[in-house]
Amino acid sequence: MKEEKVILVDTNDEPVGLMNKMAAHEQGILHRAFSVFILNAKNEVMLQQRAAQKYHSPLLWTNTCCSHQRAGESNIQAGKRRLEEEMGFVTDIKELFHFIYKAPFDNGLTEHELDHVMIGRYEGEPNINKEEVEAWKWMNIEAIKEDMNVNPKLYTVWFKIIFDEFYHYLERHKI
C-alpha cells in the first residue's frame with residue numbers, strides 16, 4: 001500500500017509541499033490536519049477509542065475522528081471522508097477554527113500540525129471500522145474535561161490540546 005502524503009504548510013496555512021506522512025511525523029514538520037467533533041442533541045461529544053493495532057496511541061480516547069487532508073481536498077471533504085471511513089456515517093460538518101500545535105509521542109514521532117477543528121451533529125450509532133476504532137461513547141463536555149484531569153493517560157496527547165481549544169471556543173461562542 002502506498003504511504004499517504006500530508007500537505008506541508010507555513011504558519012498561514014499556505015501549502016509548501018507534500019511529504020510522506022511518516023517522514024513528516026518523524027521530522028516534526030508542520031503539516032495540515034483536521035479534527036472532527038460530533039455532538040448529539042444533549043451536547044455530548046462522540047468519542048472514539050483508537051484501535052489496539054494503531055502504530056501510536058493505541059486504545060486511547062480521542063475526538064470523533066481526525067486525520068490529514070489530501071492534495072486537492074477541502075477541509076470539509078476530508079472531514080466527511082474520514083468520518084465515514086472511521087465511524088461509518090456521514091453528516092454535515094462545519095469548520096470552527098484552526099490553530100497550530102506540536103506534540104511529541106513516546107515512540108519518537110511528533111505531531112506538528114495546523115489543525116482545522118470542525119463540528120457536526122448526529123443522533124445515531126456509528127458503524128465503526130474495527131481497524132481504526134476499538135470502541136466509542138457519548139460523553140458530556142464537562143465530564144470529558146473532568147476525566148482528562150483525573151485520568152490524563154486515557155486520552156491522546158493531541159486530544160488534550162485540541163479539546164482545550166474546542167472547550168474555550170464553545171464558551172466564547174455559546175455553541
Side-chain angles (χ1 to χ4, degrees), residues 4 6 21-22 24-25 28 31-40 42-70 75-76 78-91 93-122 124-170 175:
E4 193 150 335
V6 294
K21 180 173 81 169
M22 189 58 75
H25 289 117
H31 58 279
R32 189 177 289 160
F34 64 87
S35 298
V36 177
F37 286 81
I38 297 297
L39 285 75
N40 64 17
K42 298 182 215 173
N43 264 350
E44 295 170 318
V45 177
M46 181 184 286
L47 297 182
Q48 72 151 274
Q49 184 182 34
R50 290 170 59 83
Q53 67 270 19
K54 297 294 270 187
Y55 69 94
H56 70 78
S57 309
L59 299 177
L60 296 182
W61 288 95
T62 197
N63 53 294
T64 314
C65 78
C66 53
S67 190
H68 304 94
Q69 297 85 334
R70 293 176 177 158
N75 297 328
I76 299 296
K80 285 182 150 187
R81 170 184 51 81
R82 200 62 184 150
L83 192 58
E84 186 172 23
E85 289 171 358
E86 290 187 22
M87 303 304 285
F89 68 90
V90 177
T91 191
I93 56 176
K94 68 177 184 176
E95 187 169 343
L96 298 179
F97 61 92
H98 64 271
F99 73 109
I100 295 173
Y101 75 94
K102 193 170 190 176
F105 297 119
D106 292 341
N107 64 3
L109 301 178
T110 299
E111 291 280 17
H112 189 194
E113 298 184 334
L114 193 149
D115 192 45
H116 294 264
V117 178
M118 296 178 261
I119 191 171
R121 299 271 176 185
Y122 186 71
E125 288 199 14
N127 179 21
I128 59 173
N129 175 348
K130 293 299 262 181
E131 291 180 18
E132 299 286 341
V133 181
E134 193 72 25
W136 71 278
K137 64 183 174 182
W138 291 110
M139 197 166 177
N140 173 280
I141 291 171
E142 291 299 327
I144 295 170
K145 185 177 179 185
E146 290 171 26
D147 196 49
M148 276 200 291
N149 285 329
V150 175
N151 300 299
K153 292 187 184 305
L154 297 181
Y155 297 89
T156 63
V157 170
W158 67 88
F159 180 60
K160 290 181 266 192
I161 296 166
I162 294 163
F163 181 80
D164 188 57
E165 295 285 333
F166 178 72
Y167 183 87
H168 292 301
Y169 182 92
L170 295 181
I175 291 179

Rounded to the nearest 0.5 Å, what separates atom [atom1] in [X] from atom [atom2] in [Y]?
{"X": "Met118", "Y": "Ile38", "atom1": "CE", "atom2": "CD1", "result": "9.5 Å"}
{"X": "Asn151", "Y": "Glu146", "atom1": "CG", "atom2": "CD", "result": "11.5 Å"}
{"X": "Ile162", "Y": "Tyr155", "atom1": "CD1", "atom2": "OH", "result": "14.5 Å"}
{"X": "Trp61", "Y": "Glu134", "atom1": "CH2", "atom2": "CD", "result": "9.0 Å"}
{"X": "Gln53", "Y": "Glu132", "atom1": "CD", "atom2": "CD", "result": "8.0 Å"}
{"X": "Asn40", "Y": "Arg121", "atom1": "CG", "atom2": "CZ", "result": "8.0 Å"}

I need the minimum non-hydrogen distance between [X] and [Y], along with the two atoms involved.
{"X": "Ala135", "Y": "Val133", "answer": "O-CG1, 3.2 Å"}
{"X": "Gly28", "Y": "His112", "answer": "O-ND1, 3.0 Å"}
{"X": "Thr91", "Y": "Lys80", "answer": "O-CE, 3.3 Å"}
{"X": "Arg82", "Y": "Cys65", "answer": "C-SG, 4.0 Å"}
{"X": "Thr62", "Y": "Phe159", "answer": "OG1-CB, 3.4 Å"}
{"X": "Ala103", "Y": "Val157", "answer": "CB-CG1, 3.3 Å"}

Sub-4.5 Å side-chain heavy-atom contact between [X] and [Y]:
{"X": "Glu113", "Y": "His31", "value": "yes"}
{"X": "Leu60", "Y": "Lys54", "value": "no"}
{"X": "Met87", "Y": "Ile128", "value": "yes"}
{"X": "Phe89", "Y": "Glu125", "value": "no"}
{"X": "Glu165", "Y": "Val117", "value": "no"}
{"X": "Ile141", "Y": "Phe163", "value": "yes"}
{"X": "Met22", "Y": "Glu4", "value": "no"}
{"X": "His25", "Y": "Glu111", "value": "yes"}

As a quick check of understanding, evaluate side chain to side chain contact (heavy atoms under 4.5 Å, CB included) for Asn43 and Trp138, giving each step before the final call. CA-CA 9 Å; Asn43 264 350; Trp138 291 110; over 6 Å; no

Return yes if a side-chain donor-acceptor contact under 3.5 Å exists between Asn107 and Tyr55, otherwise no.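 Their side chains do not contain a donor-acceptor pair, so the 3.5 Å distance test is not met.
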
Quick one: do the Glu85 and Asn129 side chains pair a donor with an acceptor below 3.5 Å?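 No, no side-chain donor-acceptor pair sits under 3.5 Å.
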
Would you call the rings of Phe166 and Phe37 parallel, tilted or perpendicular, where under 30° means parallel and over 60° means perpendicular?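 Phe166 and Phe37: parallel rings.
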
Parallel under 30°, tilted from 30 to 60°, perpendicular over 60°: which one fits the rings of His56 and Phe105?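 Parallel.
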
Just jot down the ring pair (Phe, Tyr, Trp, His ring centres under 6.0 Å) partners of His98, sequence neighbours excluded, or say none.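 Only His116 meet the ring pair (Phe, Tyr, Trp, His ring centres under 6.0 Å) criterion with His98.
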
For Lys160 and Pro152, indicate whether the former's side chain and the latter's backbone hold a donor-acceptor pair under 3.5 Å.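 Between the backbone of Pro152 and the side chain of Lys160 there is a qualifying donor-acceptor contact (under 3.5 Å).
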
Taking Trp136's backbone N and O only, do any of them form a donor-acceptor pair with Gln48's side chain (distance below 3.5 Å, no angle check)?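 It does not hold such a pair.
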
Evaluate side chain to side chain contact (heavy atoms under 4.5 Å, CB included) for Trp158 paired with Asn63, printing each intermediate quantity in order. CA-CA 9 Å; Trp158 67 88; Asn63 53 294; 3.8 Å; yes

Please check if atom CD in Glu142 has more than 12 non-hydrogen atoms from other residues, nucleotides or ligands closer than 6.0 Å.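 More than 12 heavy atoms, drawn from other residues, nucleotides or ligands, come within 6.0 Å of this atom.
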
Determine, stepwise, if the pair Ile119 / Lys94 fulfils side chain to side chain contact (heavy atoms under 4.5 Å, CB included). CA-CA 6 Å; Ile119 191 171; Lys94 68 177 184 176; 3.8 Å; yes

What's the verdict on side chain to side chain contact (heavy atoms under 4.5 Å, CB included) for Met139 and Val45, showing C-alpha distance, side-chain angles and the deciding distance? CA-CA 5 Å; Met139 197 166 177; Val45 177; 5.7 Å; no

State which residues pass side-chain hydrogen bond (donor to acceptor under 3.5 Å, both in side chains) with Ser35; sequence neighbours excluded, sorted by chain then number.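 Applying side-chain hydrogen bond (donor to acceptor under 3.5 Å, both in side chains) to Ser35 gives Asp115.
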
